[in-house]
Amino acid sequence: MDSKSGIIIKSTGSWYHVMDKEGLVYKCKLRGKFRLKNLKATNPLTVGDRVTFHWDAKLASGVIDELEERKNYIARKSSNLSRQYHIIAANLDLVLITASVVRPQVSPGFIDRYLVIAEAHEIKPVIIFNKTDLALEGEAADRLQRLAEIYGSLGYEIWQVSAKTGENLQELKSRIHGKVSLISGQSGVGKSTLLNKFNPSLNLKTWQISDFTGKGQHVTTFYEMHPVDDDTFVIDSPGLRELGLFEFEPFEISLFYPEMKKVSGACRFNTCLHLAEPGCAVRQAFENNEIYPERYQSYLKIIEDFKDEKP
Ligand SMILES: Nc1nc2c(ncn2[C@@H]2O[C@H](COP(=O)(O)OP(=O)(O)O)[C@@H](O)[C@H]2O)c(=O)[nH]1
Ligand SMILES: [Mg+2]
Ligand SMILES: [Zn+2]
């Protein structure tokens, strides 16, 4: 039996698809005595995990022996009441936050929610505005300009691309080369179309209603990692709103808004939520027009949702 190493690109619960450096995919099971380091996780391994395994050519199946230590991972609670969580993806280099200003029009707060998730996990966020071909003039163009101004001035990396015309696609493909990225975005923004442009052999279905598991529901969804090349992977994520923030307290959320973090040290209370507390430096900055109203609104919404999620 051959000892090999690779990266998990798909998990179906009992089987893991592991891709080696040559780009070959092996179907593997977990070794019976596999030691679970993390008992609070409902799934021992996930896409993005790097493992060593033994391949039995006769049986045409492999056995995973070891998990390499994770650089990071994103998880979500397995249910509102349980202390257990489900690990969604591991070893991420980038979070590609994909949006469009028309068809669909980006919903307020979507970008910020994913920026918070990226900041909270110390994973580099990259904002992609797709469908620029539909935003050349009028209100759509104004919206795009406003969003580019907000996120640009906050120092975030922004890409304006069109999967249809090919604008900036080669450049974006080079940007993600050699990295593992999680791509997120509302249904219909063009995630699958973009991935197909990066690697036509993926042949992903487009215009598919993603298997979005509405808020409060916790159907297990299996995340899949798409190889763009041997060395570049993109994990498509159904838009889970509560994704990966459960381990934080509400007062910590503003630490993931750089412009709030900058001033919140001056708030009177160190657990200030920046709502209506006396001596709140964030609220003051907002009133002085030093924080964009869109950003403050999205912050309030996240805090409000937290109250629902943490009864
Ligand atoms: N005009 C235009 N349409 C696009 C672009 N990218 C994707 N689409 C279309 O948007 C629809 C949804 O795309 P899809 O990739 O399925 O979105 P997903 O749900 O994010 O994976 C499809 O009809 C695509 O052809 C683009 O850059 N411009
Ligand atoms: Mg899709
Ligand atoms: Zn405050």
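When a ligand or atom number is given, it counts from 1 through the structure's own listing order.
Under the ring pair (Phe, Tyr, Trp, His ring centres under 6.0 Å) test applied with Y26, the options Y16, F53, W15 reduce to a single match, F53.
Atoms NE2 and CZ, from H54 and R31 in turn, are 9.5 Å apart once rounded to the nearest 0.5 Å. The line from CG of L273 to OG of S264 is 11.5 Å long, rounded to the nearest 0.5 Å.
Taking the centre of each ring, F248 and F256 come in below the 6.0 Å mark.
In terms of polar-atom proximity, K191 is counted as a contact of ligand 1, with an N or O under 3.5 Å from an N or O of the ligand. Residue contacts with ligand 1: V161 is placed with no nitrogen or oxygen under 3.5 Å of a nitrogen or oxygen of the ligand (distance criterion only). When only interatomic distances are considered, the shortest N/O to N/O separation between S192 and ligand 1 falls below 3.5 Å. At a 3.5 angstrom cut-off on N or O pairs, T206 does not count as close to ligand 1.
The atoms of ligand 1 that sit less than 4.0 Å from any heavy atom of T193 are 7 (C), 13 (O), 14 (P), 15 (O), 24 (C). If you number the atoms of ligand 1 from 1 as listed, the ones under 4.0 Å from a heavy atom of S187 come out as 19 (O). Here is the list of ligand 1 atoms found below 4.0 Å of a heavy atom in A163: 6 (N), 26 (C), 27 (O). Proximity to D133 (heavy-atom distance under 4.0 Å) selects the following atoms of ligand 1: 1 (N), 2 (C), 26 (C), 27 (O), 28 (N).
The Mg ion (ligand 2) has an N, O or S atom of S192 closer than 2.8 Å.
The parts of V189 lying near ligand 1 are both backbone and side chain, judged by heavy-atom distances below 4.0 Å. Only the side chain of L134 comes within contact range of ligand 1, with a heavy atom under 4.0 Å; no backbone atom does.
Ligand 1 does not have G185 within reach: every non-hydrogen atom of the residue lies 4.0 Å or more from it.
With hydrogens and angles left out, the side-chain atoms of Y151 and D112 include a donor and acceptor closer than 3.5 Å. No hydrogens or angles considered: nothing links the side chains of T52 and E66 as a donor-acceptor pair under 3.5 Å.
Selection from R103, K197, Q186, K131 by nearest heavy atom to atom 3 (N) of ligand 1 gives K131.
Rounded to the nearest 10 degrees, the angle SG (C267) to the Zn ion (ligand 3) to SG (C280) equals 110°.
When the Zn ion (ligand 3) is compared with the N/O/S atoms of H274, atom ND1 turns out nearest.
With contacts defined as side-chain heavy-atom distances shorter than 4.5 Å, the pair D229/H177 qualifies.
Between the side chain of N288 and the main chain of E290, no donor-acceptor pair closer than 3.5 Å is present.
Within a 6.0 Å sphere centred on CG of N270, heavy atoms belonging to other residues, nucleotides or ligands number 12 at most.
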